[in-house]
Amino acid sequence: MTKIIVTEFTEEEFQESIKRSVLSVFESVFAKLPSAPEPIPELITRKEACSILGITLPTLNEWTKNGVIPAQRIGSRIRYLRTDVYASLKQVETRKCNRA
């Protein structure tokens, strides 16, 4: 067992010393933790994409073929990334505004 010799500390100096010690322990523990995994992108169906965009299935098919909205093929099914659907919605709005 080691002996600790305490010198004269004010209460504030003692509290600050404890805070620094605890903070250094937390920093070393948090540095060893793995980073958070990337979120999994949310895939939605054709019907969900249509309801978000306010269009019909044939229009969605046309926009997919023309490259307005990118699609993901999973086996025989077609899915859309939710972020791509909202991004394409902004593209369509700006295209409509530029037609004048």
Side-chain angles (χ1 to χ4, degrees):
M1 189 152 125
T2 60
K3 293 183 180 181
I4 299 176
I5 301 173
V6 178
T7 60
E8 292 183 25
F9 280 113
T10 63
E11 184 178 343
E12 291 81 19
E13 290 173 338
F14 184 65
Q15 288 176 351
E16 188 62 35
S17 175
I18 291 174
K19 284 180 188 178
R20 280 193 309 263
S21 299
V22 170
L23 184 60
S24 68
V25 169
F26 278 131
E27 286 174 349
S28 66
V29 168
F30 285 122
K32 295 176 186 176
L33 292 177
S35 61
E38 292 186 24
I40 298 172
E42 183 181 359
L43 294 172
I44 59 174
T45 64
R46 295 175 71 228
K47 287 183 180 181
E48 290 172 321
C50 286
S51 69
I52 290 171
L53 296 170
I55 59 174
T56 62
L57 285 171
T59 304
L60 180 64
N61 189 32
E62 176 105 13
W63 286 6
T64 303
K65 285 182 181 179
N66 293 336
V68 175
I69 178 170
Q72 311 290 323
R73 184 172 292 278
I74 302 173
S76 63
R77 299 169 192 252
I78 296 176
R79 296 291 185 257
Y80 298 91
L81 290 171
R82 186 176 292 276
T83 55
D84 289 345
V85 172
Y86 284 110
S88 67
L89 183 61
K90 290 179 184 178
Q91 285 180 340
V92 171
E93 286 176 2
T94 57
R95 285 183 185 176
K96 286 181 180 177
C97 294
N98 292 336
R99 278 193 188 171

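The first residue in the sequence is number 1, and the count goes up from there. Quantities reported herein were computed from a predicted structural model and do not represent experimental measurements.
Under the 4.5 Å side-chain contact rule for hydrophobic residues, Leu60 and Leu81 do not share a cluster. Note: the hydrophobic cluster containing Ile52 does not contain Leu43 (ILVMFWY, side chain heavy atoms under 4.5 Å, direct or indirect links). Both Ile69 and Tyr86 are part of a single hydrophobic cluster, where members link through side-chain heavy atoms under 4.5 Å apart.
The distance from atom OH of Tyr80 to atom SG of Cys50, rounded to the nearest 0.5 Å, is 7.5 Å. From Ile44, atom CD1 reaches atom CD of Gln72 across 11.5 Å, with rounding to the nearest 0.5 Å.
The 12-atom threshold is exceeded at CD of Glu16, counting heavy atoms of other residues, nucleotides or ligands nearer than 6.0 Å.
Of the possible donor and acceptor atoms, none in the side chain of Ser17 sits under 3.5 Å from a partner among the backbone N and O of Glu13.
Of all heavy-atom pairs between Leu53 and Ser88, the closest is CD2-OG, 4.0 Å. Between Ala49 and Val85 the shortest heavy-atom distance is CB-CG2, 4.1 Å. Nearest heavy atom pair, residue Leu57 against residue Arg46, reads O-NH2, 3.7 Å.
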> Would Arg79 and Thr45 satisfy side chain to side chain contact (heavy atoms under 4.5 Å, CB included), going step by step from the backbone distance to the final call?
Replying inline: CA-CA 5 Å; Arg79 296 291 185 257; Thr45 64; 3.8 Å; yes

